[in-house]
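This report refers to the structure that appears directly beneath it.
Here is the naming used below: chain letters follow the sequence lines, and residue numbers restart at 1 for every chain.
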Number of protein chains: 2
Amino acid sequence: MELKRKKVSIYDIARVLNISGSTVSRALQDHPAISTEMKALVKKTAKEMNYKPNTMAVNLKRGKCNTIGVIVPNINRNFFASAIEGIEEEVNKMGYDVLICQSQDQYEKEKKVIGSLSQGKVDGVIASIAAGTRDYAHFNSLEEYGIPLVLFDRVAEGINAGTVTVDDYRGAYRVVKHLCAQGKRRIFHYAGFQHVSVWRNRYKGYVDALKEYGIEPEKEWVFVGNITREEGEATARKILRMKNRPDALFCTSDFVALGAMLEFLKNGVRIPEEMAICGFANEPFDELLRPSLSSVDQFSKKMGQQAARMLLDRLNGESWVNIILDPELIVRESSGMITS
Amino acid sequence: MELKRKKVSIYDIARVLNISGSTVSRALQDHPAISTEMKALVKKTAKEMNYKPNTMAVNLKRGKCNTIGVIVPNINRNFFASAIEGIEEEVNKMGYDVLICQSQDQYEKEKKVIGSLSQGKVDGVIASIAAGTRDYAHFNSLEEYGIPLVLFDRVAEGINAGTVTVDDYRGAYRVVKHLCAQGKRRIFHYAGFQHVSVWRNRYKGYVDALKEYGIEPEKEWVFVGNITREEGEATARKILRMKNRPDALFCTSDFVALGAMLEFLKNGVRIPEEMAICGFANEPFDELLRPSLSSVDQFSKKMGQQAARMLLDRLNGESWVNIILDPELIVRESSGMITS
DNA sequence: ATGAAAGCGCTAACAT
DNA sequence: ATGTTAGCGCTTTCAT
């Protein structure tokens, strides 16, 4: 079977109807100067001839491709998948498509991807910065090509972009206040690398909340590392080896909290009585764990929708704003049930 | 700040170097007829001038856009997100991008999306059919526009496409044999709607496995409905009301199994002793549940990779094949520990 | 080894 | 109300 057939263009229609190409073009676009009968005729013929406009030609002519590029560390994480879901739904309403790119949390890949998108593949970009990125020049390069940028969740200073974040500081602050309200005082923190905005802000919230209770976290209270289940397990093991254990552990990621909790449970630590645990992100699995895991909801899908709307607004000439969503503390079994 | 700047084209470079546009074009493409010095000069100048090829123009000229469209019910499900992850990685290696579309499991949305992609937005399509789809003409319409199609997981007869599936029949068959080996005999099945290939095949596997034990499932043993946690809960409640309860429940989805299991546990049913449970898909949460949920792994990322490679091969002129992966039964606590 | 020129399919001034 | 024409930025024959 033949794979390629000749495509029908507006000129094929024009020839059949003995009219000009522009009349066909205009009729198809409901141009006011075209008579109703002509419009009907052209549309009918177009349909019969199985005509489809050639997007590439339209794009070239209009200098616009109705496509939004999305760069995330990895699609296969609920947080990002949900955000993309929101983005897709929102931009779709306005006739835009979504081009997906994964940075794999690597700086080099992120740079490469941005270079590729700069070639007029997209009208705008929505991104969440790779964990491995410490230099942001590549993001600013988008501007040189007239491609507006919205960052969500993982943002950074010095990038000309709109931003959508949750108030990570406040989320962390609430977690720690909540733990204190449970009577916990020796609260450790598993933090992410501090060059990443969200992890830095959560760390600050942690410190400030403790400060209100007159507590100054010691150096050994804070761990810094990758955001993985394995690191959580390793950290729990380290803690188990300490003579002076914490009574609570606040992890900047649900995956770390998961690993830590399972490791603690395996070693007979009672949660939350001996060790309260809180994570961050409110991953779907949190509520399925026993004990269920307290966390902070970031409204990922909503973040995606907001980012999308912000970018579309920008494409319509509006200027940047920064949206900060208020995160919600979700108290579950792993951090006790005393309501503050 | 100015958003749009004038883009630099090959003619800008040509003017600066006092050469023709075609020489620039050829130099940039390493055309053999261009001298080494000229190539170096052009490339250097292009870089200095911050030149980026205009993808839309290249696409129009070449009649190809190096983009693959992916249509899935929903991105925000681990199975599909993983598949997309695999697709993206694979096509990326060959210089293709990925355009994402969600059908939301709705026939109308799926049709709309295919119509949109047919306008020369993509060189090929990878899709998993919406649950709401019963007529497949829209998929065959892609062929008329010279757009090859690969279906994965949810496939259907009568569509001209390559396919990547797991052997759902065999997966289900293994589940039921395993349950029988645990001494279970009164095994109920929560099935999906039977017009969907994967659910139909799993149902068949269920029936045939039972048959080998001389068991003919009665009508009331089989439930048909949506693949949601809520339906699982409702089904468990129905079962609890029965005078003659099953000793095992095989669900065609982990989400249904999850809902059912939680509801059973809430009502004091001992799992797996009184009620063994198996799901399908091996969602990440399965191993986190207590008891952990037995399931069937479908190798979603691998399916995505295979589908991608198949499509790329097709774009290189190869003909269709059908790949059937062998699914793996993952026995966990919810279905007992007697190894067969 | 390089240049001139046509044209991919469409849109939109500028005619009429 | 409809037609003519000039590109959008690039590739590629054909010429030199």
Side-chain angles (χ1 to χ4, degrees), chain A residues 4-43 45-46 49-67 95 118-123 145-147, chain B residues 4-43 45-46 49-66 95 118-123 145-146:
Chain A
K4 297 272 174 201
R5 313 203 177 182
K6 253 238 290 317
K7 300 262 183 66
V8 4
S9 79
I10 51 170
Y11 289 104
D12 296 318
I13 301 173
R15 202 175 314 116
V16 168
L17 296 179
N18 252 310
I19 56 177
S20 77
S22 27
T23 302
V24 175
S25 174
R26 283 190 274 243
L28 257 17
Q29 299 175 75
D30 273 323
H31 189 109
I34 301 292
S35 69
T36 320
E37 308 81 53
M38 183 56 95
K39 279 182 192 167
L41 178 62
V42 169
K43 285 179 184 170
T45 314
M49 294 178 71
N50 213 359
Y51 167 79
K52 290 263 177 186
N54 181 324
T55 303
M56 301 187 258
V58 176
N59 288 351
L60 174 59
K61 183 71 214 187
R62 291 213 219 268
K64 176 170 193 306
C65 54
N66 280 284
T67 301
S118 304
Q119 310 183 6
K121 286 183 181 176
V122 294
D123 297 323
Y145 300 103
I147 301 173
Chain B
K4 297 270 171 203
R5 312 204 175 183
K6 252 237 291 316
K7 299 265 183 64
V8 5
S9 79
I10 52 171
Y11 289 103
D12 297 317
I13 300 173
R15 203 174 313 116
V16 168
L17 296 178
N18 253 308
I19 56 176
S20 77
S22 21
T23 302
V24 176
S25 173
R26 284 191 273 243
L28 258 16
Q29 299 175 76
D30 273 322
H31 188 109
I34 301 291
S35 70
T36 321
E37 308 82 54
M38 183 55 94
K39 279 180 190 167
L41 178 62
V42 169
K43 285 179 183 169
T45 313
M49 295 179 68
N50 214 358
Y51 167 78
K52 290 264 177 184
N54 181 323
T55 304
M56 301 186 259
V58 176
N59 288 350
L60 175 59
K61 187 70 215 188
R62 291 213 218 270
K64 177 172 192 303
C65 54
N66 280 282
S118 303
Q119 313 185 2
K121 286 183 181 177
V122 295
D123 297 323
Y145 300 103

Mind checking [X] for me? I need base, sugar-phosphate or nothing, with any heavy atom below 4.0 Å counting as a touch.
X: B:S25; result: base
X: B:S22; result: base
X: B:S35; result: sugar-phosphate

[X] [atom1] to [N] [atom2], straight-line distance once rounded to whole Å:
X: A:R62; N: C:dC8; atom1: CZ; atom2: P; value: 20 Å
X: B:Q29; N: D:dG9; atom1: CD; atom2: C1'; value: 13 Å
X: A:K61; N: C:dT11; atom1: NZ; atom2: C1'; value: 5 Å
X: A:N66; N: C:dT11; atom1: CG; atom2: P; value: 12 Å
X: A:N59; N: D:dC10; atom1: CG; atom2: P; value: 15 Å
X: A:H31; N: C:dC14; atom1: NE2; atom2: C1'; value: 12 Å
X: B:I13; N: D:dG9; atom1: CD1; atom2: P; value: 13 Å
X: B:N54; N: D:dC10; atom1: CG; atom2: P; value: 6 Å

Run B:D30 and B:K43 through side-chain contact (heavy atoms from CB on, under 4.5 Å) and show every step you take.
CA-CA 10 Å; B:D30 273 322; B:K43 285 179 183 169; 2.9 Å; yes

Between B:A57 and B:R26, who's closer to the 5' end of DNA chain D by nearest nucleotide?
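With B:A57 and B:R26 compared, the 5'-side residue is B:A57.
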
Determine whether B:K121 and A:T67 make a side-chain contact, defined as any pair of heavy atoms from C-beta on separated by less than 4.5 Å.
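They are not in contact (no side-chain heavy atoms under 4.5 Å apart), so the answer is no.
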
More 5' along DNA chain C: B:Y11 or A:M56, using each one's nearest nucleotide?
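Comparing both residues, the 5'-ward one is B:Y11.
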
Please determine, for the side chain of B:V58, which listed nucleotide (D:dG3, D:dA1, D:dT11) has the closest atom?
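Nucleotide nearest to B:V58's side chain: D:dT11.
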
Give the nucleotide from the list C:dC10, D:dC10, D:dT4 with an atom nearest to the side chain of B:I10.
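The answer is D:dC10.
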
Within less than 4.0 Å of OP1 or OP2 of D:dG3, is there a side-chain N or O belonging to A:S20?
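Checking A:S20 against D:dG3: at least one side-chain N or O falls below 4.0 Å of OP1 or OP2.
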
Look at the side-chain N and O atoms of A:T23 and state whether any lies under 4.0 Å from the OP1 or OP2 oxygen of D:dG3.
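Result: yes.
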
Any donor-acceptor N/O pair, B:T55 side chain to A:Q119 backbone, under 3.5 Å
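Checked: pair present.
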
Option among B:I10, B:L17, B:V16 that satisfies the side chain to side chain contact (heavy atoms under 4.5 Å, CB included) test with B:V42
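The residue from B:I10, B:L17, B:V16 that satisfies side chain to side chain contact (heavy atoms under 4.5 Å, CB included) with B:V42 turns out to be B:L17.
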
Check whether the side chains of A:N66 and A:K64 place a donor and an acceptor atom closer than 3.5 Å, and report yes or no.
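Their side chains do contain a donor-acceptor pair, which is all the 3.5 Å distance test asks for.
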
